[in-house]
Amino acid sequence: MAKNLLIVESPAKAKTINKYLGADFQVLASYGHVRDLRPKEGAVDPEHGFAMAYEVIDRNEKHVDAIAKAASKASSIYLATDLDREGEAISWHISEILKERGLLDGKDVQRVVFSEITPKAIKEAVANPRKLSHDLVDAQQARRALDYLVGFNLSPVLWRKVQRGLSAGRVQSPALRMIVERELEIEAFKAREYWTVQASLAHPECAFEARLVKLHGKKFEQFDLTNERDALAARDALTRAAGGRFTVGEVTSRERKRRPAPPFTTSTLQQEAARKLGFSTSRTMRVAQGLYEGVSLGSEGNVGLITYMRTDSVALSDDAVAELRDLIGRDYGRKALPDGPQVYKSKSKNAQEAHEAVRPTSAMRVPRSVASFLNDDQRKLYELIWKRTVACQMIHATLNTVSVEFPVEDSAFRASGTTVVDPGFLAVYEEGRDQKNDDDDEQRRLPRLAQGDVVPVSAIEADQHFTEPPPRFSEASLVKTLEEYGIGRPSTYASIIQVLISREYVLLENRRFRPTDVGRAVSQFLSGHFTQYVDYDFTARLEDELDAVSRGEEQWVPLLERFWQPFKTLVDDKTETVDRSEATGARELGDDPKTGKPVSVRLGRYGAYAQIGSKDDDDKPTYASLRPGQSMHTITLEEAMELFKLPRHLGQSDAGEDVTVGVGRFGPFVKQGSTYASLKAEDDPYTIELPRALQLVQEKLEAIANRIILDFGNGVQVLNGRYGPYITDGEKNARIPKDREPKTLTDAECAELLAAAPVKKPRGGKAAKKTATKKASAKKAVAKDAAVTKTAAKKTVAKKTAAKKAAAKKTAKKATAKKAAAKKVATKKAATAKRAD
């Protein structure tokens, strides 16, 4: 047994590191997080210093046991999880578990960190261990406690006020707010018409275009021509004045330098991979994780190809820079090298989060040399990282921008273009952009022109345009904006986006985010009632405070105390005071022309729906689900009234059964008698006709009939399945012998084949795990909701009881006062009578 135990997070990393350390080391993986908060209320206790109740994660229990067993026999334990605060927390959790099991007595426990998985980096890390950083651990615990407290207290409010099963995250909610606010900007946008005028010039060297920049002695602005009449008049006047040719006026030339972009951080890697490769943030991080942990390079074995991919640093080690300069000098010539290394400064305030930028572990490992060992995604991402890193240490690009003016009486046209004098770093890499600018001159070539040259004009055209609303966020632009606001950290961007998509708060359409009705309702509810907690500056300040904890500049418990008290007070208040219809963003559209009843759109359990009437009416309201693509925030009264045309009666079948079409929970359907058939994607429930409906029902009946080959009436059937005929009794499935015709099987033969068949294994895989997790989450959610509801009910009963007691006390007091007053009157009357006598 090895005397040293080294613990990393992933088995792939363990496999790569194992070969570097030799027989004295055993390398085991924790498989990610080993402990987490108990998934129930009270796991964080604000009344007792925010004490946190952890338990081992079920799926990792066997890995924890394996680590404990190895630790019991090892003399030294090295905790080598990732180098960020989350990795530090995992190391701390492992040490706490081993301590609780009494396995650390008299043992040397060390923390080692490395930003790349190479023999040199691993050996240096093991040779220079340190102690666990409790500042980093505290920062991660504070983050986890905050997320837990927000989730377990705010989510139940959403369940009762908006829709069951929703969640509110501390960082995801401001991100959702960004997407929703952009959608509101788009909806409020009013397009403006404007016209541009440009000339097409036919120079012998190359054709090019010039645009109008001065009209009637004044600088031509975007909205100088706002209608067709004025634009065509200007075009015709300029055409007559030009007489089919332009004379070159002023020619200006300006040389400028473009510097390379810094090496990748997590954020910029995600943005660039989205722009250039079309990768989602989660896909980028998944592929990068594999490149970091190690890829088999044939005889070399497993090799880590890039440095740690969760970083906000743009620094490069001296060794890396020296190697990059050697490579650039070798492959691109000494003239491509600047006099000294290019140094980049990080914008991050928290230098402890990572050591280096994302770079190749060896620049000499050029993309073509490893391409055959990588899958397509790995090859593309490695090449992107390699090129960006090499380019950042190359000389600037030198560009020459030429601008040529063509005067036409008191107006003028201008053409601009750029030529590359010295490509510098552009020979390797050019940074992508979120949006292309139509006026960008860098890709435009101009012929050689001198003042006085005459150039033929082939046409002068006026083009109509309309101003466009701001674009919806892409993954790249959302990550960029989150980073600019200081919301989230490198390791959180991908998970923020994944939560928004999985919760169906947003849809990703044409690689742009559009909020769903549920997402808008959640965002508007939180923005309206929990304004501070979805405020961008507040969220960013909280992130800065967590960073301060990680640097040892602030204590984590006081931070939580400042957050908790105001937050809990607000949650309790909104639970009692907010009306559900307000929370879901219900809209009144107008009145039904037939009944005069109000027509509204609301958010229900299964999505948005339209409603005629209200619950206070004598008659029950009429409901209709919104169609795909419709939003309760933009639907009109006319569009809503169309929804109530369903269900439609299409006619009758030959057998005299009614045929109708409608929309149910699972989408549009046709019904004939008791038979239901789903509509195809190309069918519209509002326009489908009887013949097509009958065809769909017939196809459904044929499918049902063809599926059953034999039915013995005792639960045993011979069915047509996806992979051919098979026997089933509902519990077990059995294959049919190849030499037997399924239709000729007997009941006894089927029973014999079923008895010999293996017991059906429970479904595994990601889908099953996801389903099981969802079911477990739903169960927990229901239990939690029930507990919250029960507590609320108890509070309500207590309040009512107290109110009744107070009312009774008040009534008794009034009665006593009344009696006293009556007694006083009686005494007075008696005294008066006595005096009279």
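This structure is a prediction, so every number in the text was calculated from the model and none was measured.
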Run I90 and E88 through side-chain contact (heavy atoms from CB on, under 4.5 Å) and show every step you take.
CA-CA 5 Å; I90 293 172; E88 199 77 18; over 6 Å; no
Under 3.5 Å, is there a donor-acceptor pair between the side chain of [X] and the main chain of [Y]?
X    : Y    : answer
K107 : A71  : yes
R101 : A68  : no
T266 : M309 : yes
R511 : A274 : yes
Y148 : A43  : yes
S523 : G519 : no

Mind checking the [atom1]-[atom2] spacing from [X] to [Y]? Nearest 0.5 Å is all I need.
X    : Y    : atom1 : atom2 : answer
F473 : T481 : CZ    : OG1   : 4.0 Å
S76  : L5   : OG    : CG    : 10.0 Å
L526 : Q172 : CG    : CD    : 9.0 Å
I67  : I97  : CD1   : CD1   : 8.0 Å
R602 : D517 : CZ    : CG    : 14.0 Å
I94  : K99  : CD1   : NZ    : 13.5 Å

Going by the rule salt bridge (charged side-chain N to carboxylate O under 4.0 Å, His left out), which residues pair with E543 if we only count those two or more places apart in sequence or in a different chain?
R143, R170
Would you say that more than 12 heavy atoms from the other residues, nucleotides or ligands in this model lie under 6.0 Å from the [atom1] of [X], or not?
X    : atom1 : value
K574 : NZ    : yes
E504 : CD    : no
Q532 : CD    : yes

Checking R111 against W92: charged group under 6.0 Å from the ring centre and within 45 degrees of the axis?
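No - R111 does not lie over the ring of W92 by the 6.0 Å and 45° rule.
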Check the pair D572 / K568 against salt bridge (Lys or Arg N to Asp or Glu O under 4.0 Å), numbers first and verdict last.
CA-CA 6 Å; D572 292 342; K568 184 68 171 83; 2.8 Å; yes
Working note: S550 + D135, criterion side chain to side chain donor-acceptor pair (under 3.5 Å); need CA distance, chi angles, decisive distance, verdict.
CA-CA 5 Å; S550 74; D135 292 333; over 6 Å; no
Apply salt bridge (Lys or Arg N to Asp or Glu O under 4.0 Å) to D547 and R489, showing your working.
CA-CA 10 Å; D547 288 346; R489 285 298 178 260; 2.7 Å; yes
Checking side-chain polar atoms at under 3.5 Å, does [X] have a donor or acceptor matched by the opposite partner on [Y]?
X    : Y    : value
T311 : S313 : no
S91  : T81  : yes
E483 : S267 : yes
H33  : E86  : yes
Q140 : R144 : no
T265 : T268 : yes

Kindly indicate, with the supporting measurements, whether the criterion side-chain contact (heavy atoms from CB on, under 4.5 Å) is fulfilled by E356 and Y308.
CA-CA 8 Å; E356 277 197 83; Y308 190 56; over 6 Å; no
Compare every heavy atom of I306 with every heavy atom of Y292, then report the nearest pair and how far apart it is.
CD1-O, 3.4 Å
Minimum-distance pair of heavy atoms, taken over all atoms of L626 and S631:
CD2-C, 3.7 Å
Pick out which of E475, Q498, Q270 makes a side chain to side chain donor-acceptor pair (under 3.5 Å) with T281.
E475
Please collect all side-chain hydrogen bond (donor to acceptor under 3.5 Å, both in side chains) contacts where either partner lies in residues 52-64, sequence neighbours excluded, each pair once.
Y54-Q141
Q289 vs E293, test: side chain to side chain donor-acceptor pair (under 3.5 Å). Steps then yes/no.
CA-CA 6 Å; Q289 182 89 32; E293 290 179 348; 2.6 Å; yes
Between I501 and I497, does a side-chain contact (heavy atoms from CB on, under 4.5 Å) hold up when you go through it step by step?
CA-CA 6 Å; I501 293 172; I497 289 171; 3.9 Å; yes
Check this for me, if you would: do [X] and [Y] make a salt bridge, where the nitrogen-to-carboxylate-oxygen distance has to be below 4.0 angstrom?
X    : Y    : value
E181 : R177 : yes
R520 : E183 : no
R85  : D138 : no

Applying side chain to side chain donor-acceptor pair (under 3.5 Å) to D45 and H48, what does each step give before you reach the verdict?
CA-CA 6 Å; D45 187 358; H48 296 88; 2.6 Å; yes
Apply ring pair (Phe, Tyr, Trp, His ring centres under 6.0 Å) to Y536 and Y485, showing your working.
CA-CA 7 Å; Y536 304 139; Y485 275 98; 4.8 Å; yes
Which word best sums up how the rings of F530 and Y533 line up, parallel for under 30°, tilted for 30 to 60°, or perpendicular for over 60°?
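Because their plane-to-plane angle lies in the 30° to 60° range, the rings of F530 and Y533 count as tilted.
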Determine whether R160 and E576 satisfy the following criterion, salt bridge (Lys or Arg N to Asp or Glu O under 4.0 Å), listing intermediate values before the conclusion.
CA-CA 11 Å; R160 289 198 293 277; E576 299 295 329; over 6 Å; no
Y78 vs I7 side-chain heavy atoms within contact, under 4.5 Å
no
Name all residues meeting the ring-ring contact (aromatic ring centres under 6.0 Å, His included) criterion together with H529; count only those two or more places apart in sequence or in a different chain, and write none if there are none.
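If we apply the ring-ring contact (aromatic ring centres under 6.0 Å, His included) test to H529, skipping adjacent residues, the hits are F525.
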Decide yes or no on side-chain contact (heavy atoms from CB on, under 4.5 Å) for W564 and N153, but give the supporting numbers first.
CA-CA 11 Å; W564 172 246; N153 288 276; 3.6 Å; yes
